[in-house]
Amino acid sequence: MAKVLTSRKENYSQWYNDLVIKADLAENSAVRGCMVIKPYGYAIWEKMQAVLDRMFKDTGHSNAYFPLFIPKSFLSREADHVEGFAKECAVVTHYRLKSSPSGGIEVDETAKLEEELVIRPTSETIIWNTYKNWIQSYRDLPLLINQWANVVRWEMRTRLFLRTAEFLWQEGHTAHATREEAMEETIKMLGVYADFAKEWMAMPVIKGVKTENERFAGAVETYSIEALMQDGKALQSGTSHFLGQNFAKAFDVTFLDKTGKLEHVWASSWGVSTRLMGALIMAHSDDNGLVLPPKLAPIQVVIVPIYKKTEELAVIDERVEVIRKSLIASGISVKYDNRDTHKPGWKFAEYELKGVPLRLAIGPRDIENRSVEVARRDTLEKKIYPVEGIADTVKALLDEIQDGIYKKALDFRDNNTFRADSYEEFREIIASRGGFVLAHWDGTRETEEKINQETKATIRCIPLDPVMEEGKCIVTGKPSPRRVYFAKAY
RNA sequence: CGGGGUGUGGCGCAGUUGGCAGCGCGCGUCGUUCGGGACGACGAGGUCGGAAGUUCGAGUCUUCUCACCCCGACCA
């Protein structure tokens, strides 16, 4: 087969870049740092959205939409928040253009905005400013809102899906009467993300708390799900924040509780972005291309006819139509590619590159034997199956693939999660093979920063379901109640 | 923002001391092919990133400029 991708071994990040382009997921646009998500890539994102949206609704949330523009003054209301985002904000300063003497077009300096508008890097401020008017009583709580939106963070260096200046995401913003309830919501949504990653993306994740260093600007506590990529680097795939009363205080959002006492509300916010696309790509794919979990694949089964003459194709078309209908009846998404403009071998390679979980090939031999050749994308294994009961066969195989790639990803993570009991050992693992390293840490910012500077590894999270184990910090030797996850990160 | 690099058909690239702008892929037409990215013939497609300069003559030399990529510092 003609090689179209750089191999992972050769250059992992080049492999990733090649794959995104060659699998037709996205490409760089004329705007620096901003990508064009192509139809095939967007189809995957839409499937993710549909599932997540259902999960949010099932946990009591409603969708709403808030403006793209945020008055500059809003951003500065919460001190940590502004500090965290100020360096990467795009700002709108004018509202009109005029033709320039040189023949082009230029900003009309007379059309300067009274108050400049920031393009949302996240929507806490505009949302809490709005919530102020929505909440008066404990009867208005909890307020459980989600929005699907684009946001802009002016990044220095960007990579398709993993870090782009503009990206798509959802952001949940909830308001609660009590601290406990807001915290419960924070953890619940982290759980939703972890379930989604596992059940739909077939990607195992670690749930944990972020250290102070990695905390969201304006949050009291940040939780995340962390996944391990095939190059041994961790990818933060979703975050859920307990915001305490920080934004309620900044925007003066209060309510009267049952006893008639005026209180600030408690808040959470949580989000996942198109970065999940990057995670999905890197979690399962190989040197032949994308490997998609059947549950998120836009096309679950592709059927390729093999024929010499058009008369043969007519017979195959007929047989395929029967198969196609039975698959659709079983809720399987099928594409029959009977284009005459490409050869079977070309199509095989193409759909492999695009990660279609199953490929059915039907030729004269199969017509004769009432059989189909079925090729699995995950194992590249080919087998002949009878046409009879093909829908059940396919269904079973899709389930097997979904489970199989999860298992494979889990094994990979297990085989690349290490325990280090000395700093020496720690440095050796991080430098040589990467992966997650579980080690004791004394809980201080200084130690974390020292480790980061010396090894490039960061604390990904403090696991939520930790095995409590007394130990000593690998750097300072001070006591530590449990191990935390370290890794180099995206 | 520091360090490095690249701009030449749609994509990937070559272009020697300055002398007719090329190759591969892709694209179009026709024919033979079709169970793992087929082959042949013919064909279309370029203000060589932009501006100024040197020269009889610039893709090539000089100056300026713009864009993008890679490596760092910052980030989901």
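Atoms considered below: every heavy atom in the structure, side chains included; atoms not considered: hydrogens, waters and symmetry mates. Values in this document were obtained by computation on a predicted structure and should not be read as measured data.
A:Q300 places no side-chain N or O within 3.5 Å of a backbone atom of A:L398 that could act as its donor or acceptor partner.
Of the candidate nucleotides B:G72, B:C69, B:G35, B:G35 has the atom nearest to the side chain of A:A361. For A:N17, whose side chain is taken as the heavy atoms from C-beta onward, the closest listed nucleotide among B:G37, B:C74, B:C70 is B:C70. Checked against B:C69, B:A76, B:G35, the side chain of A:R275 finds its nearest nucleotide in B:A76. Proximity note for A:R365 (side chain, C-beta onward) versus B:G35, B:G36, B:G37: the nearest is B:G35. The side chain of A:R359 approaches B:G36 more closely than any other nucleotide in the set B:G36, B:G35, B:A76.
Atom CG of A:L19 and atom CZ of A:R8 lie 10.0 Å apart (nearest 0.5 Å).
A:L235 comes within 4.0 angstrom of nothing in the nucleic acid, heavy atoms only. Contacts of A:E155 with the nucleic acid, taken as non-hydrogen atoms under 4.0 Å apart, include base atoms. Counting any heavy atom pair closer than 4.0 Å across all strands shown, A:F167 reaches a base atom. The residue A:T164 sits close to a base: some heavy atom pair falls under 4.0 Å.
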Pull out every protein N or O sitting under 3.5 Å from an N or O of nucleotides 32-34 of chain B, one pair per line with the distance.
| unit_1 | atom_1 | unit_2 | atom_2 | d |
| --- | --- | --- | --- | --- |
| B:C34 | O2' | A:Y307 | O | 3.0 |
| B:C34 | N4 | A:K308 | O | 2.8 |

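A cation-pi contact links A:R359 to A:F348, judged by a cut-off of 6.0 Å to the six-membered ring centre and 45° from its axis. A cation-pi geometry, defined here as NZ or CZ lying under 6.0 Å from the six-membered ring centre and within 45° of its normal, holds between A:K354 and A:Y40.
The partner of B:C61, taking Watson-Crick or G-U wobble pairs whose two distances both stay under 3.5 Å, is B:G53. In a base pair of the Watson-Crick type (N1 to N3 plus N6-O4 or O6-N4) or a G-U wobble (N1-O2 and O6-N3), with each distance short of 3.5 Å, B:C1 is matched with B:G72. In this entry B:G43 has B:C27 as its Watson-Crick or G-U wobble partner, both defining distances falling under 3.5 Å. Pair check for B:U6 finds B:A67; Watson-Crick or G-U wobble, both atom distances under 3.5 Å. Nucleotide B:C48 forms a pair with no other nucleotide shown, judged by Watson-Crick or G-U wobble geometry with both contacts under 3.5 Å. For B:U33, there is no paired base (Watson-Crick or G-U wobble, both distances below 3.5 Å).
Rounded to whole angstrom, the span from the NZ atom of A:K38 across to the C1' atom of B:C11 amounts to 12 Å. For A:I303 and B:G35, the CD1 to P distance is 18 Å, given to the nearest whole Å. Residue A:I21 contributes atom CD1, which lies 19 Å from atom P of B:G26 at whole-angstrom precision. Rounded to an integer number of Å, the gap from CD of A:Q14 to P of B:C69 is 13 Å. One can place CZ of A:R159 at 11 Å from C1' of B:C70, the figure rounded to the nearest angstrom. Atoms CD (A:E449) and P (B:C74) sit 10 Å apart, rounded to a whole Å. Straight-line distance from the CE atom of A:M229 to the P atom of B:A76: 16 Å, rounded to whole Å. Rounded to whole Å, the distance from NZ on A:K233 to C1' on B:A76 is 14 Å.
At the phosphate of B:G12, neither OP1 nor OP2 sits under 4.0 Å from any side-chain N or O atom of A:K22.
Annotation: B:C74 and B:C13 have their P atoms spaced 32 Å apart (nearest Å).
Shown are A:T239, A:T122, A:D80; of these, the side chain to side chain contact (heavy atoms under 4.5 Å, CB included) with A:F216 is made only by A:T122.
By the 30° and 60° cut-offs, the orientation of the rings of A:W169 relative to A:F167 is perpendicular.
Between A:E350 and A:R215, it is A:E350 whose nearest contact on RNA chain B lies nearer the 5' terminus. Both A:F216 and A:S13 lie close to RNA chain B; mapped to their nearest nucleotides by heavy-atom distance, the more 5′-ward contact belongs to A:S13.
Under 3.5 Å, the side chains of A:R460 and A:T458 contain a donor-acceptor pair of N or O atoms. With no hydrogens or angles considered, a side-chain donor-acceptor pair links A:S269 and A:E124 at under 3.5 Å. Defined by atom type and a distance below 3.5 Å, a donor-acceptor pair is present between the side-chain atoms of A:W270 and A:S268.
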